[in-house]
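I have a structure I would like to understand better, so I am pasting it below and will then ask my questions one at a time.
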Amino acid sequence: MAEPGGGRPVTVSDVQQLVRRKDEIEAQIKACYELLEGQKGVGMHEPLVDAEGFPRSDIDLYQVRTARHNIICLQNDHKALMKQVEEALHKLHAREKEKHAKDEAEALAEAMSQNQSLPQAFAKVNTVTPGSPANAHLSSISVQGLQVDDEIVEFGSVNANNFQNLQNIATVVQHSEGRPLSVTVIRGGRRVHVGLTPKRWAGKGLLGCNIIPLQR
């Protein structure tokens with residue numbers, strides 16, 4: 001999604017740069033207000049003349065006028081910059097959403113074009129406890145843990161060829177405590193790779209899901 005006028009798309013780095021500029025402007029505004037505070041607490045609107053209409057001699061009029069002018073300019077810059085930040089974030093979010101939809105469409109097209117049959121599943125997930133390690137979201141993986149009705153084709157080193165009973169899975173889970181465990185499932189008619197890390201949590205077991213064997 002290119003910028004108007006044929007420019008390059010907005011990046012996270014661009015947003016970070018805008019935010020840094022915003023922080024700098026806020027620091028400059030704060031410094032100007034502190035300068036006014038040091039001039040007998042003069043703010044943005046207190047009169048700069050005495051009761052007789054003469055310029056006040058107890059403050060540095062040049063510094064006060066300069067600080068007030070700078071504050072007005074900086075506040076205008078800050079307002080414009082905040083609008084830029086908002087627009088950049090919106091464009092970034094829209095592009096990420098567009099990319100995600102494109103990736104999903106490509107993955108679906110790839111799955112539909114695959115003529116090879118799906119691998120044989122040997123077990124099925126019938127319950128997953130929310131907030132458990134089995135349900136944990138991993139930012140580096142696009143899926144969100146195991147889901148109910150996932151059919152398991154690989155669970156670590158266990159597959160349809162060497163699976164005998166659920167104790168095989170229990171052994172793999174125990175030996176993988178605290179370490180990433182690769183699991184492959186069939187979900188919605190396509191193969192999905194899930195990353196799990198068995199660990200102690202508030203509930204029972206190390207995963208927080210229930211797996212049942214499939215009838216062969």
Side-chain angles (χ1 to χ4, degrees), residues 1-48 59-114 128 130-148 150 180 182-183 185 187-197:
M1 188 173 119
E3 292 299 294
R8 63 178 178 78
V10 173
T11 65
V12 174
S13 178
D14 293 332
V15 176
Q16 290 172 339
Q17 190 172 344
L18 287 172
V19 171
R20 280 195 296 270
R21 176 64 183 143
K22 174 189 76 73
D23 292 342
E24 289 171 4
I25 290 177
E26 288 172 354
Q28 290 172 16
I29 291 173
K30 182 183 177 186
C32 288
Y33 271 114
E34 287 175 351
L35 189 149
L36 292 179
E37 186 64 30
Q39 293 289 327
K40 305 290 186 182
V42 156
M44 290 293 291
H45 306 292
E46 284 76 3
L48 302 184
I59 58 175
D60 187 324
L61 293 174
Y62 176 77
Q63 278 197 348
V64 171
R65 288 197 180 99
T66 301
R68 285 181 173 182
H69 174 74
N70 288 343
I71 286 172
I72 292 169
C73 293
L74 288 167
Q75 284 177 337
N76 289 335
D77 290 346
H78 185 268
K79 185 178 178 181
L81 199 58
M82 289 301 293
K83 187 176 180 182
Q84 280 184 271
V85 170
E86 186 180 343
E87 289 175 354
L89 286 172
H90 177 72
K91 288 172 183 173
L92 199 62
H93 176 72
R95 198 171 79 253
E96 287 299 318
K97 191 175 178 182
E98 183 182 315
K99 181 178 180 298
H100 180 68
K102 184 181 176 184
D103 289 346
E104 280 195 341
E106 287 177 352
L108 183 60
E110 183 183 348
M112 291 175 69
S113 67
Q114 283 180 348
V128 178
S132 66
N135 185 240
H137 174 70
L138 299 176
S139 59
S140 60
I141 297 174
S142 61
V143 290
Q144 192 163 3
L146 290 173
Q147 296 181 8
V148 173
D150 280 350
S182 177
V183 178
V185 302
R187 178 183 300 167
R190 62 192 184 104
R191 187 191 308 208
V192 176
H193 295 288
V194 181
L196 302 175
T197 302

Answer yes or no: is there a side-chain heavy-atom contact under 4.5 Å between R187 and V194?
yes
For L89, all residues meeting side chain to side chain contact (heavy atoms under 4.5 Å, CB included), sequence neighbours excluded
V15, V85
Could you work out, with side-chain hydrogen bond (donor to acceptor under 3.5 Å, both in side chains) as the rule, every residue matching N76, not counting sequence neighbours?
none
Considering residues at least two apart in sequence or located in another chain, which fulfil the side chain to side chain contact (heavy atoms under 4.5 Å, CB included) criterion with S182?
none
I would like to know whether K91 and R95 meet side-chain contact (heavy atoms from CB on, under 4.5 Å); could you show each step before the answer?
CA-CA 6 Å; K91 288 172 183 173; R95 198 171 79 253; 5.7 Å; no
Give the minimum heavy-atom separation between V10 and L92, together with the two atoms involved.
O-CD1, 3.4 Å
Quick one: salt bridge (Lys or Arg N to Asp or Glu O under 4.0 Å) partners of K40, sequence neighbours excluded?
none
Would you say the side chain of I72 lies within less than 4.5 Å of the side chain of M44, judging by non-hydrogen atoms?
yes
Which heavy-atom pair separates R190 from A107 by the least distance, and what is that distance?
NH1-CB, 3.9 Å
Pairs under 3.5 angstrom only: tabulate donor-acceptor contacts from the side chains of residues 28-36 to other protein residues two or more places apart or in another chain.
residue	atom	partner	partner atom	Å
Y33	OH	Q75	NE2	3.4

Quick one: list whatever passes salt bridge (Lys or Arg N to Asp or Glu O under 4.0 Å) with D77, sequence neighbours left out.
none
In chain order, what residues pass the side-chain hydrogen bond (donor to acceptor under 3.5 Å, both in side chains) check against T11, with sequence neighbours excluded?
D14
Calculate, to the nearest 0.5 Å, the distance between atoms CE and NZ belonging to M82 and K79 respectively.
12.0 Å
Taking side chain to side chain contact (heavy atoms under 4.5 Å, CB included) as the definition, give me every residue that meets it alongside E96, ordered by chain and number, with sequence neighbours left out.
none
Please identify each residue that fulfils side-chain hydrogen bond (donor to acceptor under 3.5 Å, both in side chains) with H69, with sequence neighbours left out.
none
Could you report the tightest heavy-atom contact between L74 and I25, atom names first, then the distance?
O-CG2, 3.5 Å
Sorted by chain and number, sequence neighbours left out, side-chain hydrogen bond (donor to acceptor under 3.5 Å, both in side chains) with Q63 holds for Q39
Heavy-atom closest pair (R68 atom, E46 atom, distance to 0.1 Å) is NH2-O, 2.7 Å
Taking salt bridge (Lys or Arg N to Asp or Glu O under 4.0 Å) as the definition, give me every residue that meets it alongside E104, ordered by chain and number, with sequence neighbours left out.
none
Salt bridge flag under 4.0 Å for residues E26 and K22
yes
For E24, which residues count as a salt bridge (Lys or Arg N to Asp or Glu O under 4.0 Å) partner, sequence neighbours excluded?
R21
